[in-house]
There are 2 protein chains.
Amino acid sequence: MTAPLHEARANGPGRALPDTQQGMRRRNLARVMHAVSAEGSLSRAAVASRIGLTRAAVSTLVDELIRTGLLEELGPERPGRVGRPGSALAVSGRGPAGLGAEVGVDHLAVCVVDLRGEVRARIERQGTNRGRSPEPVIEELTGLVRRIVAEVEREGLWPAGLAVAVPGLVARDGRTVVAAPNLDWHDTDLGALLPAELALTVDNEANFGGLAELWLGENTPHDFLHVSAEIGIGAALVVDGSLLRGTRGFAGELGHVPVHPDGPECVCGGRGCLEQYAGEEAVLRAAGLEPGGDRVGLLAGRAADGDPDVRRALREAGTALGIALTGALNLLDPEEVVLGGALAGLAPWLLPALETELARRTAGPPCPVSVSRLGSEGPLLGAAHSVVRAVLDDPAAVAGRG
Amino acid sequence: MTAPLHEARANGPGRALPDTQQGMRRRNLARVMHAVSAEGSLSRAAVASRIGLTRAAVSTLVDELIRTGLLEELGPERPGRVGRPGSALAVSGRGPAGLGAEVGVDHLAVCVVDLRGEVRARIERQGTNRGRSPEPVIEELTGLVRRIVAEVEREGLWPAGLAVAVPGLVARDGRTVVAAPNLDWHDTDLGALLPAELALTVDNEANFGGLAELWLGENTPHDFLHVSAEIGIGAALVVDGSLLRGTRGFAGELGHVPVHPDGPECVCGGRGCLEQYAGEEAVLRAAGLEPGGDRVGLLAGRAADGDPDVRRALREAGTALGIALTGALNLLDPEEVVLGGALAGLAPWLLPALETELARRTAGPPCPVSVSRLGSEGPLLGAAHSVVRAVLDDPAAVAGRG
DNA sequence: ACTATTTCGTCATGGCGGTTTACAAATTAG
DNA sequence: CTAATTTGTAAACCGCCATGACGAAATAGT
């Protein structure tokens, strides 16, 4: 079952797959899983009324899910109302789990999330990967993966797939890193370097960060822009609850939106791209600091101390971000902008200028800008949860594998 | 059945509707209609292999569609291959039809498209609507609608819905014109002014133009940007074969993407928006011409005559468009950009500067830019076809109404 | 010509999936 | 302690598609 778990996408009129009774069953199994998962604990009757099937039908679906170990029965609910109390169902804390990994510029991280959404294990290794070739890095990552898998297997969990977040552009095949400038990786097929027995998905860290925000954020809407700056500036475009990836998978390159069209030249070939004003290197230079080390922490520290150069640099970055975002908001009309990744930590000094700029350039009420609660954990969590979601989206595909 | 025909949208995991056998049947009916419609004429066996059902199942589906008048049997196919020839099926040229209307700044137009996609009637009325209040304009439009409906009813067609294209922002309810600056309409509920018996959809003309391109364009991909300039500059964002509308329905406002952030002030509150450089008024001013009359024709004529001021003005507009599009392409990564509406007619003089700018600012191969074949007919055709698509998307909803 | 082969459309049968209906179990309200 | 309410399950039913077989209508080969 290395089949395309992720392809639950419905394409406009008439999906590619025939509409058969088995497909119906599979979709209804998924609906039950989602209902229980969203609520934490639910009786059969509650599931039935929530997804619009009859209690009898839900009973058979639940039976099947319990048999395959994806749901478990917690026993009778506390009866608050009149009538026979229902029997609480919950997503199983054992069985398939999501394996998420992050290849950062300065670290590697792996975590396991169970179907309930709980983080069950996490390993991290500090140390720069800048300029290292993919093979040793992925070999090291594989070591971490094997360790963590062995660890959680003792708790009855097994990995239903592996999702890897990388700081770069990823092709739509979900395996190939087309370009990761800060790692100096180009056209690298991670599928060839990772254990073949794990169903693999590779994606941009901004995208996984955006998905984490969508799935784990407190009041996150279904349409928003998740802006994430690490070294480059990327954005995840979440439209109607799913990621906009673009034809080649390169959507969301906010960093290369022109801000001052006659500005300084950029590596992308353009001039005056946002990255020239709000990218990490540009901000450090504008603040009179040297790159290297924990750069974001350094910036935040100096800004908190009131360093005027740093404050000014961040204000200017915020203004540039505001200009680029004005364009994006006019094009996409999202419900919200969420600042994630390194931007979350610098938000206090970026936000005022950013919001001023948005307000100046918008006719109606400006789009609200919020700061991610997840911060730099977003991509890792998003990756692991994407595997979990794939299981919830098609429980039948996973059943009987454990 | 004024029910939301358009809501065939699938929301992420687990659609809102329960997955029942009747739903399955409805979706399969739609699949048959789409298959036949896409091919023009198809036998039952060909439909079956195309949509993945068995011949027996398709037979019953086709029977039902023939009984309700949506399909018709053309008789035996010309046998080119061995074996019994199939019986050709075609979408009916009678029965439900799509009614499309366009409220332009300088004209009104209405047309009827049958399920086969043929334009069966068309009425147009020239005359400016600038500054007229909505009531008399829509009253006049209603008159045209009634005339054209009476006309096509004699051919056995009846309207399955009415779609209206307007030059302005439309709310997501698909009825309310939030702002149409060139008509000076604000927060106008067209549903209250049009015959209630017609299922109504109102949308931006750029959006309908984009849909027309998607459905009728020659080699149009599923992901593209349709840029349409009439007075303002709007874009339709087609992602994975469907329109990106935005939370409020305001997506695609390319005209207010900042191009020179310190440029002249714009009505939107911003500065240096694309519209300041490539909007009709700006181009006319830059070319030293007075607004009024057939302005696009005037520009095209002068440009063709080699008028240097006009040529320069169009070059500069092309450059500005290129800058704004660079931002859009970085965000959306579409497969193509299509110039439609008035831009199509001016393309010869806009394209060189536009493409130069895109090439300069893009690292990889630049996104191809093409010119719409439909030109200014796009919005009207898109509107009418959107009704037709709604019928094809759910034939069961319409069956038995005729 | 005449037969074998291929393909098409249809019919009868069957399996599968959700609904309907009925009922026992478990709780609260009075 | 009874009536009312809600839950979960079982049995009968209906609808939908798959399967397999068949006649019909064409081509290919002898």
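Worth knowing before you read on, the calculation uses all heavy atoms, side chains too, and leaves out hydrogens, waters and symmetry mates. Chain identifiers are assigned alphabetically (A, B, ...) following the order of the sequence lines, protein sequences preceding nucleic acid strands; residue numbering begins at 1 within each chain.
Between B:Thr54 and D:dA18 there is a side-chain N or O to OP1 or OP2 distance below 4.0 Å. OP1 or OP2 of D:dC16 has not a single side-chain nitrogen or oxygen of B:Asn28 nearer than 4.0 Å. For A:Ser59 and D:dG8, the shortest distance from a side-chain N or O to OP1 or OP2 is not below 4.0 Å.
Across C:dG9, C:dG17, D:dC17, the shortest atom-to-atom separation from the side chain of A:Arg25 is found for C:dG17. Between D:dC17, C:dA22, C:dG17, one nucleotide has an atom nearer to the side chain of A:Arg55 than all others, and that is C:dA22. Considering only the side chain of A:Met24, C:dG18 comes nearest among C:dG9, D:dC17, C:dG18.
The structure places CZ of B:Arg27 at 8.5 Å from CE of A:Met24, a figure rounded to the nearest 0.5 Å.
A donor-acceptor contact closer than 3.5 angstrom links the side chains of B:Thr60 and B:Arg25.
Looking at heavy-atom distances under 4.0 Å, B:Ala56 makes contact with a base.
Sparse packing is recorded around CZ of B:Arg94, with 12 or fewer heavy atoms of other residues, nucleotides or ligands lying under 6.0 Å away.
Just one residue in the list B:Leu53, B:Val62, B:Leu42 forms a side-chain contact (heavy atoms from CB on, under 4.5 Å) with B:Val32, and that residue is B:Val62.
Mapping A:Gln21 and A:Arg84 onto DNA chain D via the closest heavy atom, the residue that lands nearer the 5' end is A:Arg84. Each of A:Val82 and A:Arg44 was assigned the nucleotide of DNA chain D with the nearest heavy atom; the assignment lying further toward the 5' end belongs to A:Val82.
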